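The structure appears right after this line, and notes come after that.
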Protein chains: 2
Amino acid sequence: MVQNISDKPRGRPRAYDRPTALKSMREPFWEKGFSGTSLDDLSAATAMNRPSLYNAFGDKSAAFMEVLEDYIAETRALYVAAFTADVPLREGLRRVYDTAIQIYASEDGKGRGCFMISAALIDSLRDREIAEVVLKALHELDRAFRRRLKIAQQKGELSPNADIDALATVAITLNNTLSVRMRAGEDMATVRKFIDQTIGVICG
Amino acid sequence: MVQNISDKPRGRPRAYDRPTALKSMREPFWEKGFSGTSLDDLSAATAMNRPSLYNAFGDKSAAFMEVLEDYIAETRALYVAAFTADVPLREGLRRVYDTAIQIYASEDGKGRGCFMISAALIDSLRDREIAEVVLKALHELDRAFRRRLKIAQQKGELSPNADIDALATVAITLNNTLSVRMRAGEDMATVRKFIDQTIGVICG
DNA sequence: TATATTTTGTACCATTTTGCATAAAACTCT
DNA sequence: AGAGTTTTATGCAAAATGGTACAAAATATA
């Protein structure tokens, strides 16, 4: 018997929206990391009380993993849009890095970096699953950069002799560095200069 | 009146060596971060009891700052040695990255990344002083890369037309990325490939 | 309206954590 | 040897934290 999604469930209706709560938990985790975030922080961020949190997401560790995976899924879509835009390579790369910058900056303008790199990796030694999920997502981005440069080469935007994988590595390392620098509070002029310089090296 | 360093102090002698204790505290902080490390962890790592820790380093926050600054001072010396070696650029860059890899790998072979990037930056939003210290140290490394490439250009190892600052940025972003990837458990073959590829792009 | 069901809100418990108080220990100086 | 000084060791108090029990609230169904 399949549960009809439109059936209203039996008991008291939930006061929270699960996807919204996930995004709300992202904030304290992003700012303070797993260990630095208390259940009270999560409770305050989501406006849910503790038992509801447990019922919805399990313990703190499970909640963090789900927030991490939700972040990856959400940002993947943003990156894909930038990577698949049918524009010249220079403009394409710029869109990818603009996407990164937008993700890595919090709404108040303060940089906080990539959630994976800035907030999740600290626990990669304690929790192997975190390391695996993050590494897999990083590799997915790596492949996207390589694909993008290969397409550019096929279109004649890059020399047929160019070492595409090596240039992709240059593009990849910038992306990881953007996270590090924005979390460290690097001024945006420097960040943009890094981007311009790297695109210059890649596109010649 | 200047205190004679050879004078034995008056009371019960310390059972710990301050610099050694600093390095011991580095381990749990590196692995678990500031929030994830308890005073019991520090006590166990240093074999000092709590009151001695307080007397020697102040509270946990002050201890972390001192560990961070000690790490920066120690690794600075290692990097300087690599940067100032009188060898061809390719070899010089390789030595710098070999230094980084050695620092970023723990003794049991598991990668843990740069202490600043992997362990300190998570608290950069909470503690502005951490952000400032880390950013300053990153900039110092940035300048070292630029200087090294400038020297190579003067020696004719790089084209007079080459955009040295742009190439330095490529070198810099690899270094930051090495930390990220090693913390994420990237396999060393991939890490070394990143290095080879980046050196290839810089040195042509 | 009564009952079953699910969520919410309050309160609570056990553990961990930070920080400190106090006395014993180990040393120097007189 | 005795007094003075500094560190160590034990232990404790207050607060924070993770997790849960339980009754009240809100809904669908009979």
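Within every chain, numbering begins at 1; the chains are lettered A, B, ... in the order of the sequence lines, protein sequences first and strands thereafter. The shown structure was predicted, so the numbers you read here are calculated from the model rather than taken from an experiment.
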(request) Just compare C:dA24, D:dG19, C:dT8 and give me whichever is closest to any side-chain atom of A:R14. (result) C:dT8
(request) Decide whether A:S61 and A:D59 meet the rule of one side-chain donor and one side-chain acceptor closer than 3.5 Å. (result) no
(request) Could you tell me the separation between the CG atom of B:L42 and the P atom of C:dT17, rounded to a whole number of Å? (result) 11 Å
(message) Looking only at side-chain N and O atoms, does A:T46 offer a donor or acceptor that is under 3.5 Å from a partner on A:S24?
(response) no
(request) Check if the side chain of A:R50 and the base of D:dG18 share a donor-acceptor pair of N or O atoms closer than 3.5 Å. (result) yes
(request) Could you work out which one of C:dC27, D:dT10, D:dG19 sits closest to the side chain of B:P51? (result) D:dT10
(message) OP1 or OP2 of C:dT8 versus the side-chain N and O atoms of A:S52: is any pair under 4.0 Å?
(response) yes
(message) If you compare every side-chain N and O of B:K60 against the phosphate oxygens of C:dT18 (OP1, OP2), does one of them come in below 4.0 Å?
(response) yes
(request) Please state how far atom CG in A:D40 lies from atom C1' in D:dG19, giving the value in whole angstrom units. (result) 12 Å
(message) Using the side-chain heavy atoms of A:S38, tell me which of these nucleotides is nearest: C:dT10, D:dG18, D:dT8.
(response) D:dG18
(message) Go nucleotide by nucleotide along DNA chain C from the 5' end; which of B:L39 and A:N55 gets its closest nucleotide reached first?
(response) A:N55
(request) Examine distances only and state if a side-chain atom of B:R183 and a backbone atom of A:I122 form a donor-acceptor pair shorter than 3.5 Å. (result) yes
(message) Heavy atoms from C-beta onward define the side chain here; which of D:dT27, C:dG19, D:dG19 lies closest to that of B:Y54?
(response) C:dG19
(request) Give the nucleotide from the list D:dT5, C:dA21, D:dG18 with an atom nearest to the side chain of B:R10. (result) D:dT5
(message) Tell me whether the count of non-hydrogen atoms from other residues, nucleotides or ligands lying under 6.0 Å of CZ in A:R128 goes above 12.
(response) no
(message) With a 4.0 Å limit, can you tell me whether B:N49 has a side-chain N or O closer than that to the phosphate oxygens OP1/OP2 of D:dA9?
(response) yes
